[in-house]
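Single-structure report; data block below.
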Amino acid sequence: MSPIRCLAMVLVVFGVTGCGKGDDVSDLDVFMNEVRLRPPGKIEPAPTFRSYPTFTYSAANLRSPFSRQVRVDLAGQKHGSRNVKPDPDRVKQYLEGFNIEQFEMVGTISNATGSFALLRGAGGVHRLKVGDYLGRNDGRIVAISGSQVDVVEIVPDGQGAWLERPRTIPLKEHS
């Protein structure tokens with residue numbers, strides 16, 4: 001064995017035997033006896049749980065307070081038609097669960113079956129054709145060009161009838 005290793009072993013042995021201080025644990029016995037003789041303490045009861053009434057956020061379908069406010073000109077306001085209304089029996093498409101403002105056109109693609117618009121929003125890029133729906137106001141795609149997507153939404157006019165409102169989603173360049 002090397003002398004350094006031998007010296008390390010000797011120091012470890014002395015260190016371990018120096019920690020013992022013998023078998024005198026009388027101070028520990030005295031402390032434990034004092035603790036055992038104390039009267040048992042009382043445990044405080046658990047605090048009472050006060051329940052609060054639940055709150056349901058009901059403004060999720062309203063206009064965002066951060067978007068530009070639309071001016072309402074009552075004299076020039078168009079009146080809706082009773083012939084125009086959303087189809088309540090139509091199965092909703094996935095993209096109808098999102099606001100139309102969050103979509104942006106990033107391109108077009110064409111093949112033998114027709115041309116498609118590429119719209120980014122709702123967590124990805126989606127390929128849509130004429131006749132597909134998007135947005136919360138029954139927005140239906142009516143035309144696709146290289147520079148924009150034309151959508152017609154059906155919105156209430158505030159007097160019990162419905163209006164067709166055209167919208168355009170322009171191509172976002174450098175996206």
Side-chain angles (χ1 to χ4, degrees), residues 8 12 35 38 40-175:
V12 168
V35 170
R38 286 185 198 159
K42 291 186 178 180
I43 298 176
E44 294 182 20
T48 57
F49 176 72
R50 214 171 68 187
S51 64
Y52 292 96
T54 58
F55 176 78
T56 304
Y57 185 71
S58 60
N61 294 331
L62 299 177
R63 181 187 66 84
S64 169
F66 303 107
S67 64
R68 201 168 2 143
Q69 207 169 7
V70 178
R71 291 186 175 252
V72 177
D73 180 18
L74 294 177
Q77 184 177 7
K78 294 181 182 178
H79 295 288
S81 168
R82 301 260 181 222
N83 298 333
V84 175
K85 62 182 177 182
D87 183 8
D89 298 328
R90 182 179 59 80
V91 176
K92 299 279 187 181
Q93 294 181 357
Y94 173 71
L95 296 180
E96 289 185 85
F98 303 95
N99 286 328
I100 198 167
E101 290 89 10
Q102 82 177 56
F103 292 101
E104 57 187 20
M105 181 180 177
V106 293
T108 59
I109 190 170
S110 298
N111 61 16
T113 61
S115 64
F116 299 91
L118 298 175
L119 297 180
R120 182 181 340 180
V125 175
H126 305 277
R127 183 180 74 170
L128 300 166
K129 64 184 181 311
V130 172
D132 284 344
Y133 288 84
L134 75 150
R136 293 192 172 155
N137 292 323
D138 291 294
R140 184 174 42 87
I141 297 176
V142 293
I144 298 172
S145 69
S147 61
Q148 68 186 27
V149 174
D150 295 323
V151 179
V152 173
E153 293 181 309
I154 300 175
V155 294
D157 70 346
Q159 299 173 355
W162 298 89
L163 287 171
E164 286 187 334
R165 177 176 63 187
R167 275 199 116 129
T168 302
I169 302 174
L171 175 66
K172 181 181 179 192
E173 301 198 21
H174 306 296
S175 56

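Below, all heavy atoms of this structure are taken into account, side chains as well, without hydrogens, waters or symmetry copies. Values in this document were obtained by computation on a predicted structure and should not be read as measured data.
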Considering non-hydrogen atoms only, spot the tightest contact between L95 and A122 and give its length.
CD2-CB, 4.0 Å

Working to the nearest 0.5 angstrom, can you tell me the gap between Q148 CD and L171 CG?
10.0 Å

Applying salt bridge (charged side-chain N to carboxylate O under 4.0 Å, His left out) between K92 and each of D132, D87, D138, report the one that passes.
D138

Carboxylate-amine/guanidinium contact R136 E101, below 4.0 Å
no

Between CD1 of I154 and CD of E164, what distance do you get to the nearest 0.5 Å?
5.5 Å

Which distance, rounded to the nearest 0.5 Å, do you find between the CD of E153 and the CG of L134?
8.0 Å

Over all atoms of both residues, closest heavy-atom pair of Y133 and Q93:
N-OE1, 2.9 Å

Would you check if I100 and N137 make a side-chain contact, meaning some heavy-atom pair closer than 4.5 Å?
no

Has Q102 got a side-chain atom pairing as donor or acceptor with G121's backbone, closer than 3.5 angstrom?
no

Atom pair CG (L118) and CD1 (I144), whose distance is rounded to the nearest 0.5 Å
9.0 Å

Only one of V130, L128, I141 passes side chain to side chain contact (heavy atoms under 4.5 Å, CB included) with V149; say which it is.
I141

Look at the aromatic rings of F98 and F103 and report parallel, tilted or perpendicular, splitting at 30° and 60°.
perpendicular

So with a 6.0 Å cut-off around CZ of R127, is the heavy-atom count from everything else above 12?
no

Working to the nearest 0.5 Å, report the span between CZ of R120 and CE of M105.
12.5 Å

